[in-house]
Amino acid sequence: MCLGVPGKIVEIYEKGGLKMAKVDFGGIFREACLDYVPEAKTGDYCVIHVGFAISLLNEKEALETLDLLKQITDVEKEIGPG
Amino acid sequence: MKYVSEYRDAELVRGVIDEIRRTVTHPWTLMEICGGQTHAIVRHGLDQLLPPEIELVHGPGCPVCVTPLELIDKALVIASRPDVIFCSYGDMLRVPGSGRDLFSVKAQGGDVRVVYSPLDAVKIAQENPDKQVVFFAIGFETTAPPNVMSVLQAQRLGLKNYSILVSHVRVPPAINAILSSPSNRVQGFLLAGHVCAVMGYHEYPPLAETFNVPMVVTGFEPFDIVQGILQTVQLLEANKIEVGNAYSRAVTFEGNQAAQKTIQQVFMECDRKWRGIGTIPMSGWCLRPEFEAFNAEKRFDVDAITADESPLCIAGEILQGLKKPHQCPAFGTACAPEHPLGATMVSSEGACAAYYKYGRVLTTEHTEITKI
Ligand code: SF4
C-alpha cells in the first residue's frame with residue numbers, strides 16, 4: 001500500500017465534483033484524484049496513494065539530491081573505495 | 001522511467017554504501033518504520049550490503065499487520081450480512097481473524113469486493129442504492145486523506161448507504177511507545193517518506209529530543225533508503241540529535257496542508273489497539289461525532305466485539321523491533337503465506353512475508369547488488 005511509484009499527470013478533468021487526472025506510471029495509466037494537490041499541472045510528477053495524489057515531486061530538490069550523491073561516488077572513484 | 005530508474009542505479013547505491021562504511025565507527029541499530037521500506041530493503045538485499053556495524057530492525061509500519069484482530073472479526077460479521085457489499089484493499093482478505101478471513105466469507109456467498117481506491121467504494125454505493133456499502137478504512141497517515149475524502153464525497157452525494165470501518169493509526173505515537181519501552185534497542189529512525197509527504201515532519205523533533213534519537217525522512221527506492229541510512233549514521237557519529245530529510249523531492253517540513261486540514265475536519269485522535277502490540281494512547285484516528293452516520297461500527301452494532309491474539313505468533317515483538325521473523329518458531333513451518341498465523345505473513349509489507357518471499361535464512365547466499 002505504501003510503495004508509491006511516482007506518476008506523470010497527462011490529463012486533468014473534473015468528475016463528480018472532484019479534480020481528477022489520468023496518470024502515467026511508465027506506460028500504465030490510472031485515474032487519480034488531485035484535490036489534495038490543487039496546484040498540479042499536466043506534466044507534473046506526483047506520488048499517488050490508493051487513487052489520490054498526496055505530493056507533487058519537486059524537480060529542483062530531486063536533481064540536487066542526485067548531484068550530491070554523484071559527487072560522493074565521483075570522489076570515491078578518485079580516491080578509491082574506502 | 002523518470003524518478004525511478006535513477007534511484008535504482010546500482011553504482012550510485014554502492015557509492016552511498018561505501019560512504020556509510022567510511023563514516024561508521026560504532027555499532028548502530030536503526031529502525032525503518034515503514035513496511036514498504038522493509039520490503040524494499042529485503043528485496044534488494046540492502047541490509048546484507050551494509051557494514052556489519054549497522055543493524056536494521058523492522059518497524060510497525062504495515063497497516064494490514066497492525067489492524068487489530070477484533071476489527072477483523074467486526075469486518076467478518078459485517079461482511080457476512082446479506083444486505084452488505086464489503087469493500088477492502090486486497091491485502092486484508094487473507095488476514096486471519098479469530099476463526100476465518102474475508103476470503104472465506106466471500107467463498108460462503110458474502111459480497112466482498114477488492115477496490116483500488118475508497119472512491120471506488122463510493123461509486124459502488126451510488127450504483128447499489130438497495131445495499132449497504134462498507135469500506136474497510138485501514139492505514140497510517142498516508143491513506144487517511146483518501147479515506148476521509150470518500151466520506152465527504154458520500155456526504156456531498158447524499159448517500160445514506162455508505163459507511164467506513166475505521167482502523168487508522170499514526171506513526172508518532174508508535175515511535176513514542178517503541179522508545180519508551182525498557183527493552184528498546186533503536187538508536188536512529190528512518191521515517192516513512194509518504195507518511196511525511198502528508199503530515200510533514202514537524203511532529204518529530206520533540207520526539208527526537210526527548211529520547212535523544214536522530215531521525216531522517218526516507219524514501220522508497222534503494223538509493224533513497226541508503227541515503228536515509230547514511231544521513232542517520234552521520235548524525236549518530238556526530239552525536240547530533242536532529243530530524244533530517246533525505247526525501248526532499250516529495251516531502252516538506254509542513255507536509256500537505258490541504259490533506260491535513262481535511263483529515264482534521266473528519267477525524268479526531270483516539271486510543272487505538274495495534275495487533276500484537278496492544279493499545280497505544282491517542283495513537284489513531286476515528287470519525288468525529290458529526291460524521292457518526294458514516295461509522296460502520298455504530299451502523300451495524302459491532303462495537304462490543306473483542307478478541308485475543310494467538311499466543312503462538314510473535315509478530316508483536318517483530319513489529320517493535322525486538323525480534324526478527326526467522327526467530328519465530330512457526331516461521332516457514334506452521335506459518336507460511338498460504339496458511340498464515342499472523343498478519344505480518346500476509347501483507348506484502350509484513351516483515352515475515354518479506355523474509356519468506358526473499359528466502360531469508362532459508363538460503364544464506366549473499367544478495368548481489370546487480371539484482372537491483
Ligand atoms: S512467522 Fe507467522 S507466527 Fe511467526 S511472527 Fe511471523 S506471522 Fe507470526
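Side chains are part of it too, since the values below use all heavy atoms of this structure and drop only hydrogens, waters and symmetry mates.
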Fill in: Proximity of residues 9-21 of chain A to chain B, residues having a non-hydrogen atom under 4.5 angstrom
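So the qualifying residues are A/Gly16, A/Leu18, A/Met20.
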Practice prompt. Sort out for me which of B/Ala250, B/Ser117, B/Ala192, B/Pro146 touches chain A most, counting heavy-atom pairs under 4.5 Å.
Written response: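 The option with the most such pairs is B/Pro146.
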Worksheet entry | Pair B/Asp120 + B/Lys123: basic N to acidic O under 4.0 Å |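 Salt bridge between B/Asp120 and B/Lys123, a charged N being under 4.0 Å from a carboxylate O: no.
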Worksheet item: Do the charged groups of B/Arg22 and B/Glu19 touch, with an N to O distance under 4.0 Å?
Response: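 A salt bridge is present here (some side-chain N lies under 4.0 Å from a carboxylate O).
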Discussion item. Tell me the closest heavy-atom pair linking A/Gly27 and A/Asp24, and the distance in Å.
Written reply: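 For A/Gly27 versus A/Asp24, the nearest heavy atoms are N-OD1, 2.6 Å.
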Worksheet entry | Aromatic ring pairing B/Tyr89/B/Phe135, orientation class (parallel under 30°, perpendicular over 60°, tilted between) |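 Taking B/Phe135 first and then B/Tyr89, their aromatic rings stand perpendicular (interplane angle over 60°).
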Worksheet item: Parallel, tilted or perpendicular: which fits the ring planes of A/Phe52 and A/Tyr36, with parallel below 30° and perpendicular above 60°?
Response: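 Geometry flag for A/Tyr36 against A/Phe52: tilted rings.
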Practice prompt. Indicate yes or no: at least one non-hydrogen side-chain atom of B/Ile225 is less than 4.5 angstrom from one of B/Glu32.
Written response: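 Result no, sub-4.5 Å side-chain heavy-atom pair not found.
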Fill in: Heavy-atom check, side chain of B/Tyr247 versus side chain of B/His194, under 4.5 Å
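They are in side-chain contact.
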Discussion item. For B/Thr262, which atoms come within 4.5 Å of any heavy atom of chain A: side chain, backbone, both, or neither?
Written reply: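 Side chain only.
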Worksheet item: Given that the side chain runs from C-beta out, which part of B/Gln153 has a heavy atom under 4.5 Å from chain A: side chain, backbone, both or neither?
Response: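 For B/Gln153, side-chain heavy atoms alone lie under 4.5 Å from chain A.
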